[in-house]
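Ligands are counted one by one from 1 in listed order, and the atoms in each one are counted from 1 as well.
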Amino acid sequence: MEFELSDEERAFQGAVRAFGDHVLRPHEAAIDRDGAIPLEVLRPMAGLGLLAMPVPSEYGGMGGSAVLTELAAEEVGRGDLSMATAVFFLLEAGWGWLLSRHGKEELRRAVLPPVCRGETFLGIATTEPGGGSDLAAMRTTARRTSEGFVLRGEKSFVSGTVEAGRMGGGHLTLAKDAGGDGFHFLYVPTKSPGLSTQRFENMGRMGISTGGLTYDDVVVPTGNLLGEPGKGFHYAMEGFRVARTFVSAACVGAAERALEAGTEHLRTRTAFGQPLGKFEGLQFELVDLYVQVEAVKWQCRRAAWLLDRFLAEGGERYRSEVDRAVAAVKLTAPPIAFEAVKRVMMWFGAAGYTKDVGLERGLRGVTSYLVGAEGGLNIMRIILGRELLGPEFVPYK
Ligand SMILES: Cc1cc2nc3c(=O)[nH]c(=O)nc-3n(C[C@H](O)[C@H](O)[C@H](O)COP(=O)(O)OP(=O)(O)OC[C@H]3O[C@@H](n4cnc5c(N)ncnc54)[C@H](O)[C@@H]3O)c2cc1C
C-alpha cells in the first residue's frame, strides 16, 4: 500500500494548483456573472493538457491515468468554486476518454484533437424530460437505415448545449433502437440538420449552460456509432463510472477551498474579544468537516486507483469494487462539499451571503450534484444496495 504521490503526480498537481490560483480564481466571478468560460481560461487548460486529459496522445490528449485526472479534478474544483470549469473539465475527460475507447478510428481523429485543444465541446446526452434516473424508459429512438441512424426525440438538462453550438462539437447521445434491439450510443454534432437546442435558466454553475436537445429526424452516419450497435447502455455506464469519480474529486477540491477560507477566518475574525477559532463550537465544526473531507478525498483517490486497475486488467473483482467505490464517493462527496461550503458561509456571518466572499457560488454549484447531475444520490444507493445484497434486491424491474 502506497499513499504518497509519485514525483510526477506531485509536480503535475502543483502545476494545476498554480493554474487554479493564478488563472481560475481571478476569472471565477466573471465566469459566474458572464455565463461562459473565457478563452483566457480554456487556452491555458489546453496548454497544461487538462482538456480530455485521459485521451491518448495520438488523438491530442495526454493519456493521463484516472489517478492523475482525479488529482487535476480536485484542483479545478478548488480553483473555480462555481463548479462550471470543473464540469467542463470532467465532461471532456470522462466522455472524451470513452470516445477514444469505443469510437471508430475516423471519428476519434475527427472529434478528439479539437476537443483537447479547447476549440470544440464534447458532452453527454442521456436525460430526457420524462426522467434521467430510469434511463431504460427513455423515449428517444434511433431508427437504423442502410447508412446509419435517424434520431427522433428529446433530451433535457444536458450540459453544454450552448457551448456545443457556439464552439462546435456535439454530445454522445443514448437512444433506444426503434426496433427494440437495445440502445445505441452515437456522437451527434450539434450542427446536424434537424437538431435544435434550448438553454435552461439554472441557479448555479452559470459558466456552462444546461439545456435541451430536440431531434427531428436527425441523420447520424454509422461511423458515429460507439462500439457495437445495441450495446450503448453498457458504454454509457462505463463513462458514468469515470465521470462520477471526477465529479466527486471536484467536490473535494471545492470543500478544501471552503475549509481553507474558513480556517483563515476562524483565526482572524474576532468576537467577544477572541478569535472565532477559540470558540469550541466552531473549532469542533472545523475539525468534523476536515475529517469528513479528508476521508472522502482518499476514497476518491482509491476509486480512481481502482478504475486504473479495472481498465488495465478488467475482471469481475475490480468491476464490483469499482462500482462500490465510485457510487460511494458520488454519494458522499457532494453532500460533504455542500455542508463544508454552507458551514463556512455561516462562519463568515453576513459577509458569507455576499458575492464578494464568493462562497455562495460554491453552494449553488455543488447543489447541482445533490439534485442529480451525473446521477442522483439515491441512484448511488441503489448501485451500492445491488452490490451489497445482490441484483435481486434492485428495487425495480
Ligand atoms: C446542472 C445539471 C447538469 C446536468 N447535465 C447533464 C448532462 O450533461 N447530460 C445528461 O444527460 N443529463 C444531465 N443532467 C441530468 C441528470 O443526469 C439528471 O438530473 C439525473 O439523472 C436525475 O434525473 P432527473 O433529474 O430526471 O430526476 P428523476 O429521475 O425524475 O428523479 C427524481 C428524484 O427521485 C430520485 N429517484 C429516482 N428513482 C429512484 C428510486 N428508484 N428510488 C429512490 N429514489 C429515486 C432521484 O435520485 C431524484 O432525487 C444534469 C442535471 C443537472 C442538475
Side-chain angles (χ1 to χ4, degrees), residues 32 35 82-96 98 121-140 151 153-165 169-176 183 185-188 190 197-215 232-233 235-237 239-244 246-247 250-251 254 327 330-331 334-335 337-338 361-386 391 393-397:
D32 193 54
S82 81
M83 307 300 284
T85 314
V87 173
F88 196 102
F89 168 87
L90 70 91
L91 284 171
E92 313 301 54
W95 302 103
L98 195 82
F121 180 84
L122 176 66
I124 158 83
T126 56
T127 307
E128 301 196 348
S133 304
D134 184 7
L135 277 185
M138 74 169 51
R139 296 205 170 151
T140 300
L151 274 183
E154 199 182 343
K155 299 288 176 188
S156 61
F157 309 109
V158 171
S159 298
T161 51
V162 170
E163 287 74 8
H171 289 80
L172 299 183
T173 307
L174 193 63
K176 211 173 220 172
F183 293 82
F185 211 22
L186 301 160
Y187 173 71
V188 184
T190 305
T197 62
Q198 302 89 41
R199 180 176 191 143
F200 300 163
E201 288 302 322
N202 281 340
M203 65 176 265
R205 48 184 249 197
M206 310 307 263
I208 184 161
S209 62
T210 308
L213 295 163
T214 307
Y215 312 90
F233 203 88
Y235 303 130
M237 293 307 127
F240 277 124
R241 262 191 212 115
V242 175
R244 283 171 185 160
F246 304 149
V247 162
C251 287
K330 177 61 173 57
L331 177 61
F338 183 86
R361 277 195 285 277
L363 202 71
R364 289 187 281 114
V366 169
T367 301
S368 68
Y369 292 121
L370 293 180
V371 300
E374 302 289 344
L377 301 187
N378 280 348
I379 301 310
M380 302 307 119
R381 290 188 173 97
I382 289 172
I383 294 171
L384 278 163
R386 178 194 72 200
F393 284 86
V394 171
Y396 53 79
K397 295 271 173 247

Q: Answer yes or no for atom 41 (N) of ligand 1: protein heavy atom present at a distance under 4.0 Å?
A: yes

Q: Could you tell me whether ligand 1 has any atom less than 4.0 Å away from a heavy atom of Gly123?
A: no

Q) When you look for heavy atoms under 4.0 Å from ligand 1, do you find them on the side chain of Arg205, its backbone, both, or neither? A) side chain

Q.
Give me the nearest non-hydrogen protein atom to atom 9 (N) of ligand 1 as residue plus atom name, then the distance to 0.1 Å.
A. Ile124 O, 2.8 Å

Q.
If you apply the rule side chain to side chain donor-acceptor pair (under 3.5 Å), what do you find for Thr210 with Asn202, and how did you get there?
A. CA-CA 7 Å; Thr210 308; Asn202 281 340; 2.7 Å; yes

Q: Could you pull out, from Thr127, Leu91, Asn378, the option with a heavy atom nearest to atom 12 (N) of ligand 1?
A: Thr127

Q. Any chance CZ of Arg199 has more than 12 other-residue heavy atoms, nucleotides or ligands included, within less than 6.0 Å?
A. yes

Q. Is the closest side-chain heavy-atom distance between Cys251 and Met83 below 4.5 Å?
A. yes

**Q.** Shortest protein heavy-atom distance from atom 28 (P) of ligand 1, along with the residue and atom involved
**A.** Ser133 OG, 3.6 Å

Q.
With ring pair (Phe, Tyr, Trp, His ring centres under 6.0 Å) as the criterion, how do Phe121 and Phe88 come out once you've worked through the C-alpha distance, each side chain's angles and the decisive distance to 0.1 Å?
A. CA-CA 9 Å; Phe121 180 84; Phe88 196 102; 5.5 Å; yes

Q.
Quick one, Tyr369 and Arg205 - any side-chain contact, counting heavy atoms below 4.5 Å?
A. yes

Q: Find out whether Lys155 and His171 are in side-chain contact, i.e. whether some heavy atom of one side chain is under 4.5 Å from a heavy atom of the other.
A: no

Q | The one among Gly204, Gly385, Gly160, Ala373 that brings a heavy atom closest to atom 51 (C) of ligand 1 | A | Ala373

Q: Return a yes/no value for Thr210: is any of its N or O atoms, backbone included, closer than 3.5 angstrom to an N or O of ligand 1?
A: no

**Q.** Val87 contact mode with ligand 1 (heavy-atom cut-off under 4.0 Å)
**A.** neither

Q | For Ala125, the ligand 1 atoms whose distance to one of its heavy atoms is below 4.0 Å | A | 11 (O)

Q | Atoms of ligand 1 close to Val371 [distance to a heavy atom under 4.0 angstrom, numbered from 1] | A | 53 (C)

Q | Closest protein heavy atom to atom 14 (N) of ligand 1, given as residue, atom name and distance to 0.1 Å | A | Phe157 O, 3.0 Å

Q) Relative to the ring of Phe240, is the ring of Trp95 parallel (under 30°), tilted (30 to 60°) or perpendicular (over 60°)? A) perpendicular

**Q.** Protein non-hydrogen atom found under 4.0 Å from atom 33 (C) of ligand 1
**A.** no

(Q) With a 3.5 Å distance limit and no angle check, can you tell me whether Arg244 reaches the backbone of Glu374 through a side-chain donor-acceptor pair? (A) yes

Q. Which protein heavy atom lies closest to atom 11 (O) of ligand 1, and at what distance to 0.1 Å?
A. Thr126 N, 2.7 Å

(Q) Give me the residue, atom name and distance of the protein heavy atom closest to atom 24 (P) of ligand 1. (A) Gly132 N, 3.6 Å

Q: Evaluate the 4.0 Å heavy atom contact test for atom 48 (C) of ligand 1: does a protein atom fall under the cut-off?
A: no

Q: Show your reasoning for whether side chain to side chain donor-acceptor pair (under 3.5 Å) applies to Ser209 and Glu163.
A: CA-CA 7 Å; Ser209 62; Glu163 287 74 8; 2.5 Å; yes

**Q.** Numbering as shown, the atoms of ligand 1 that approach Ile382 to under 4.0 Å (heavy-atom distance)
**A.** 40 (C), 41 (N), 42 (N)

Q. If you measure from atom 18 (C) of ligand 1 to every heavy atom of Gly372, Gly131, Ser156, which option wins on shortest distance?
A. Gly372

Q. Where is the nearest protein heavy atom to atom 39 (C) of ligand 1: which residue, which atom, and how far?
A. Ile379 CD1, 4.2 Å

Q: For atom 26 (O) of ligand 1, decide whether some protein heavy-atom distance is shorter than 4.0 Å.
A: yes

Q. Rounded to the nearest 0.5 Å, what separation is found between the CZ atom of Phe183 and the CG atom of Leu135?
A. 7.5 Å

**Q.** Closest to atom 8 (O) of ligand 1 among Gly375, Ser159, Gly376, Ala236 (heavy-atom distance)
**A.** Ser159

(Q) Could you check whether any side-chain N or O of Thr161 sits under 3.5 Å from a backbone N or O of Gln198, counting only pairs where one atom can act as donor and the other as acceptor? (A) yes

Q. Do any N/O atoms on Asp134 end up under 3.5 angstrom from N/O atoms on ligand 1?
A. no

Q. Would you say Lys330's side chain and Gly375's backbone share a donor-acceptor pair under 3.5 angstrom?
A. yes

